[in-house]
Amino acid sequence: MMTPAKATDASRMNCDLLVVGSGASGLAAAVTAAWHGLKVIVVEKDPVFGGATAWSGGWMWVPGNPLAKRAGIDEDPQQPRIYLKHELGDRYDASRVDAFLDNGPRMVAFFEEHTELQFVDGNAIPDIHGGVPGAGTQGHQVIAAPYDGREVGRRLMRRLRKTMRETSFMGMPIMAGADLMAFLSVTRSFKSLLHVSKRFCRHLLDLAMYGRAMQLVNGVALVARLAKSAEKLGVKLIESAPAKRLILEDGVVRGAVVSTAQGEIEIRAAKGVVLAAGGFPNDVQRRKALFPRTPTGTEHLALPPASCSGDGISLGESAGGSLVTDLASPVAWAPVSKVRYADGSIGHFPHIIDRAKPGVIGVLANGKRFVNEAGGYYDYTSAMVAAVPEGQEVASWLVCDHRFQRRYGLGFAKPFPLPLTPYFRSGYLKRGHSIDELAKVCGIAPDALAKTVRAYNESARQGGDPEFGRGSTPYNRKQGDPLHSPNPCVAPIDQGPFYAVKVLPGSFGTFAGLKTNGFAQVLGRDDRPIAGLYAVGTDMASVLGGFYPSGGINLGPAMTFGYIAGQHAAGAMRI
Ligand SMILES: Cc1cc2nc3c(=O)[nH]c(=O)nc-3n(C[C@H](O)[C@H](O)[C@H](O)COP(=O)(O)OP(=O)(O)OC[C@H]3O[C@@H](n4cnc5c(N)ncnc54)[C@H](O)[C@@H]3O)c2cc1C
């Protein structure tokens, strides 16, 4: 992975900072460094910029952020620390956690003040584990403000990754919160119908004129705003250019060799290289070695693009960095179902919003529930991995009735008025006219499933779930249906036909990553910084020790440590 420096002028470029990867963390580093006056180059392996970030919900966990402050939420800065100490236990690394919590609000203020990246608050989104001391109920999340693709400009827009097919509607990304609620209540509210009609008509027009969605929200808005900021600050963005080897001279990283259509280029970087290549969710060999219950590595359904396959980790290791695997989990678990398209291709659908809605439960092949399904995605999946006996396929089924499916949709199978036939035909959605029939179609133990549904329904009619406590935390209730009472997460499953979707272990990305310090510098085996080498985003080991205490805990740290690396490289770091 290292190279001796020998290249002709034609195959050589110079800059101050070279960034490998163009997701949130890489672009945040690039924009910050460029704003501080550095000459920056970003190289991206894929033909489009944006990585997993572009496919993400775009939420960033940043306690104490300026938007929360402006809304009058003045939380004691110790509160998130108390929460994290309880969540992380002996994996709480005070220096890195402090670097994150102290710099997160500064990061938001910096981008708001100096760049195209503007934010909208997610003040009402609670932390996941409401019962844990210090858990916040408000003021912890921000998301990129919606962005009009026309402001990006046609040339740059064509170079940005489109929204993930599985989570969009005909290529149109839908924003969590009021936008999503309007889509889910389109048949129940005239206001929602109006909103959705307006959005959809504009989208059709954009498809006709630009061939892609132009009302950018969520991860695509974050990437577009960062990429536009980078362009404005003169950052050179190079796509289809994977970094292949680091240039290491006298123990200092001086740049990298990058492969392009014109051949290899040596890019020398006076202030160093930032590894931001998106971790290793698609490296089957590392998955096999590190993820539990993945005997061949291929059982796991990773959500990020295929290009996030461990290059940054290997580059870091080649310069003396080490992969931290001693974490609560090496992987940011997500419950995922496999979508088979008519052309034979396969998609991965993340079950983010359906599990907490009233009238669905998750069961194993033995017909039994195993977790509060309305909790976090990580919690659902890690509980499933733990509950399925060794030797059996790790899988669960989300089970609901006709009323639920038509109102909220189940996974990729969209709600009314969209037809269900394509989902039956592809085998995605299983149907039974009775619970017994559904169980047999899915291969679930029929008597046990009938017993589980009967027991669940008994309490669900009064809005209770004594067995697992659906609706018992602020996070549960936020993810439920606010229009459903008394419990926004609980309704009986009793109006056939009944439906089920098979859910498998997947991920939003990896938590295992390169060992770094609070300045995002990669540490060598002697725990000293490797000069000229930074790792950010999912190339850096999870600052939260492989735990998942809140939504947004990937992108909040990715943006913050990107910002820190950019500042540190520019010599502008505030301590
Ligand atoms: C569906 C989905 C929803 C999610 N929602 C959220 C959310 O709401 N909040 C949250 O916090 N997290 C969320 N996540 C997780 C989050 O998106 C990722 O953790 C985050 O985007 C990772 O950012 P990154 O900068 O590390 O990498 P990425 O955004 O993946 O970017 C890495 C880039 O590096 C490129 N690359 C790889 N190898 C090379 C190489 N050799 N040379 C050059 N370039 C290379 C890749 O092609 C890629 O473009 C979600 C993820 C998914 C998939």
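What you see below is based on every heavy atom in this structure, not just the backbone, and it leaves out hydrogens, waters and symmetry mates. This one's a predicted model, so the numbers in the text were calculated from it and none came from an experiment. Whatever order the structure lists them in is the order used to number ligands and atoms, beginning at 1.
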Distance to 0.1 Å, residue and atom name: give those for the protein heavy atom nearest to [atom].
{"atom": "atom 49 (O) of ligand 1", "value": "Glu44 OE1, 2.6 Å"}
{"atom": "atom 28 (P) of ligand 1", "value": "Ala52 N, 3.5 Å"}
{"atom": "atom 9 (N) of ligand 1", "value": "Trp59 O, 2.8 Å"}
{"atom": "atom 32 (C) of ligand 1", "value": "Ala276 O, 3.4 Å"}
{"atom": "atom 44 (N) of ligand 1", "value": "Lys45 N, 3.0 Å"}
{"atom": "atom 22 (C) of ligand 1", "value": "Thr538 OG1, 3.9 Å"}
{"atom": "atom 3 (C) of ligand 1", "value": "Ser56 CA, 3.3 Å"}
{"atom": "atom 23 (O) of ligand 1", "value": "Thr53 OG1, 3.4 Å"}

### Query
Within 45° of the ring axis of Phe111 and under 6.0 Å from its six-membered ring centre, is that where the NZ or CZ of Arg225 lies?
no
### Message
Under 6.0 Å from the ring centre and within 45 degrees of the ring axis: does the NZ or CZ of Lys288 meet both conditions for the six-membered ring of Phe291?
### Response
no
Could you tell me which atoms of ligand 1, counted from 1 in the order shown, lie closer than 4.0 angstrom to a heavy atom of [X]?
{"X": "Trp55", "answer": "1 (C), 2 (C), 3 (C)"}
{"X": "Gly58", "answer": "7 (C), 8 (O)"}
{"X": "Ser25", "answer": "24 (P), 25 (O), 26 (O)"}
{"X": "Met164", "answer": "1 (C)"}
{"X": "Gly537", "answer": "26 (O)"}
{"X": "Gly278", "answer": "26 (O), 27 (O), 30 (O), 32 (C)"}
{"X": "Gly50", "answer": "29 (O)"}
{"X": "Gly552", "answer": "9 (N), 10 (C), 11 (O)"}

### Query
Thinking salt bridges, do Lys244 and Glu264 make one under a 4.0 Å N-O criterion?
no
### Query
Could Lys162 and Asp46 be called an ion pair, given the rule that one side-chain N must be under 4.0 Å from one carboxylate O?
no
### Message
Just checking Phe349 against Tyr428, ring centres under 6.0 Å apart?
### Response
no
Classify the side-chain pair [X]/[Y] by whether it contains a donor and acceptor separated by less than 3.5 Å.
{"X": "Asp539", "Y": "Tyr534", "result": "no"}
{"X": "Ser314", "Y": "Arg286", "result": "yes"}
{"X": "Tyr563", "Y": "Asn103", "result": "no"}
{"X": "Lys45", "Y": "Ser309", "result": "yes"}
{"X": "Glu239", "Y": "Ser22", "result": "no"}
{"X": "Arg96", "Y": "Thr516", "result": "yes"}
{"X": "Ser396", "Y": "Tyr380", "result": "yes"}

#### Entry: Val43, Asp311, Leu303, Asn554: member with heavy atom nearest to atom 18 (C) of ligand 1
Asn554
### Task
Counting heavy atoms only, name the option from Cys308, Ala243, Gly23 that's nearest to atom 31 (O) of ligand 1.
Gly23
Purely on distance, is any nitrogen or oxygen of [X] under 3.5 Å from one on ligand 1?
{"X": "Leu555", "result": "yes"}
{"X": "Val20", "result": "no"}
{"X": "Gly51", "result": "yes"}
{"X": "Tyr548", "result": "no"}

### Message
Looking at ligand 1, is there an atom of it that comes within less than 4.0 Å of some heavy atom belonging to Gly21?
### Response
yes
### Query
Closer than 4.0 angstrom: is that true for some heavy atom of Ser22 and an atom of ligand 1?
yes
### Query
Do any N or O atoms from the side chain of His203 and from the backbone of Met170 form a donor-acceptor pair under 3.5 angstrom?
yes
### Check: Val220 main-chain N/O paired with Arg161 side-chain donor or acceptor under 3.5 Å
no
### Task
Tell me which part of Ile553 gets within contact of ligand 1: side chain, backbone, both or neither, using heavy atoms under 4.0 Å.
backbone
### Task
For the residue pair Leu290 and Phe511, establish whether any side-chain heavy-atom pair is separated by less than 4.5 Å.
no
